[in-house]
Amino acid sequence: MKKKMKKHDQHANEETVTPVESLEDTPVVSEEDAAHQSDIPDAVISDADETAASPEDPALATLRSERDTLQDQLLRARAEFDNFRRRVARENEQLRKTAAQGLMRDLLPIVDNMERALSHVEDKTSSLALGVEMILKQFAGVLSTQGLEPIPAKGEPFDPNVHEALTHQPSMEYPADTVMEEFQRGYRLGDFVLRPTQVVVSSGPPASAEVTADAGGGSSEDD
């Protein structure tokens, strides 16, 4: 009985002993490394290995270069189209203004003739005078909606940008360089002077009045 037990213990001890060579061949992996490796997907590891192992495909590089070229051409074409659209809009606006200026310039003589005809009517309360005045007001209202405005002149300081001086005359009422009379009304279309106002400009008091004033002042001093 004792011999059998000794044999059984000896056999157990032989099974639990691990050879030294098998321990040296086993890689040592820490718990942290093992957890980190378990969190990385196998597909990512596979793609990274393929990218690092093989260079970029020449066909893919060509496609990327063509994509960049086409994108640059698209941006240039879009910028050129925007510039073209703005230029066409400016040209159309200028063409519209030019056409309106020509039309307004052709209509101004009609307005002038109606105003002259109305000014020569003796009876302002007659049906003819009232009819012409009504038509003139309607006509002026339509032109005003298109941006046509008369240029103020009488009593205003002379401005060569909007006034055309026909002559200078002395005046006791108006100081020098002041519009004293309007010969033909001028108009502007927006900021553009369609026709300057033809005016008579005051040159100040006449010379005789100045001499009289000086003489009067001198006699008072002698007294």
Side-chain angles (χ1 to χ4, degrees), residues 77-216:
R78 182 179 298 176
E80 292 177 357
F81 177 75
D82 291 340
N83 294 333
F84 171 77
R85 179 173 54 82
R86 286 192 291 266
R87 184 172 64 255
V88 170
R90 288 195 301 268
E91 292 177 353
N92 291 337
E93 181 65 17
Q94 184 63 32
L95 181 62
R96 185 188 68 81
K97 289 182 178 180
T98 303
Q101 291 171 7
L103 177 61
M104 296 295 180
R105 190 177 286 109
D106 293 339
L107 292 176
L108 288 182
I110 301 175
V111 177
D112 297 336
N113 292 332
M114 294 180 68
E115 290 178 347
R116 292 191 187 99
L118 188 61
S119 64
H120 286 82
V121 175
E122 295 181 358
D123 187 5
K124 303 296 183 181
T125 60
S126 64
S127 59
L128 178 60
L130 294 177
V132 173
E133 184 179 3
M134 182 182 65
I135 295 173
L136 182 60
K137 287 182 179 179
Q138 290 179 347
F139 200 66
V142 172
L143 297 179
S144 178
T145 57
Q146 300 301 318
L148 187 69
E149 298 178 354
I151 299 175
K154 191 172 183 178
E156 297 290 330
F158 175 74
D159 185 358
N161 295 318
V162 295
H163 299 147
E164 180 183 353
L166 299 179
T167 183
H168 289 73
Q169 293 182 2
S171 173
M172 295 294 295
E173 182 181 358
Y174 296 96
D177 296 329
T178 302
V179 176
M180 57 181 295
E181 187 178 350
E182 180 182 296
F183 183 77
Q184 186 182 56
R185 183 172 301 174
Y187 293 89
R188 61 159 52 97
L189 187 62
D191 297 332
F192 178 75
V193 177
L194 191 63
R195 187 181 72 182
T197 305
Q198 295 180 353
V199 298
V200 177
V201 183
S202 171
S203 59
S208 58
E210 294 179 357
V211 171
T212 303
D214 293 340

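We count residues from 1, following the sequence as given.
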Supply the atom-to-atom distance M180 CE to K154 NZ, rounded to the nearest 0.5 angstrom. 8.5 Å
How close do A129 and V121 get, counting heavy atoms only, and between which atoms? CB-CG1, 3.7 Å
Any non-hydrogen side-chain atom of L166 less than 4.5 Å from a side-chain atom of V199? no
If you measure from CG on D112 to CG on L108, what distance do you get to the nearest 0.5 Å? 6.5 Å
A153 to E182 - nearest heavy-atom pair and separation: CB-OE1, 3.5 Å
Do the side chains of R195 and M104 get nearer than 4.5 Å, heavy atoms only? no
Closest non-hydrogen atom pair, H163 against P157: CE1-O, 3.6 Å
Around atom CZ of F192, are there more than 12 heavy atoms of other residues, nucleotides or ligands at under 6.0 Å? yes
Are side-chain heavy atoms of F139 and V111 found at a separation under 4.5 Å? yes
Using side-chain heavy atoms (C-beta onward) and a distance below 4.5 Å, is Q169 in contact with Y174? no
First locate atom CG of D159, then atom CG of D177, and finally report the distance between them rounded to the nearest 0.5 Å. 11.5 Å
In terms of heavy-atom contacts, P170 and P205 come closest through CB-C, 4.4 Å
Less than 4.5 Å apart, any side-chain heavy atom of L143 and any of L107? yes
R188: what forms a side chain to side chain contact (heavy atoms under 4.5 Å, CB included) with it, not counting sequence neighbours? E149, I151, V162
N-O pairing of R87 and D82 below 4.0 Å: no
Atom pair OH/OG1 of Y187 and T197 - distance to nearest 0.5 Å: 8.5 Å
Looking at every non-hydrogen atom in both residues, tell me the closest pair between A165 and V201 and how far apart they are. CB-CG2, 3.8 Å
S202 side chain vs G204 backbone, donor-acceptor pair below 3.5 Å: yes
Among all residues two or more places apart in sequence or in another chain, which pass the side chain to side chain contact (heavy atoms under 4.5 Å, CB included) test with A140? none
Taking the side chain as every heavy atom from C-beta outward, state whether L194 and L148 have any pair of such atoms under 4.5 Å apart. yes
Where is the tightest heavy-atom contact between D106 and P109, given as atom of each residue plus distance? O-CD, 3.4 Å
Determine which pairs satisfy side-chain hydrogen bond (donor to acceptor under 3.5 Å, both in side chains) with at least one residue from residues 115-127, sequence neighbours left out, and list them in order. N113-R116, E115-R185, D123-T125
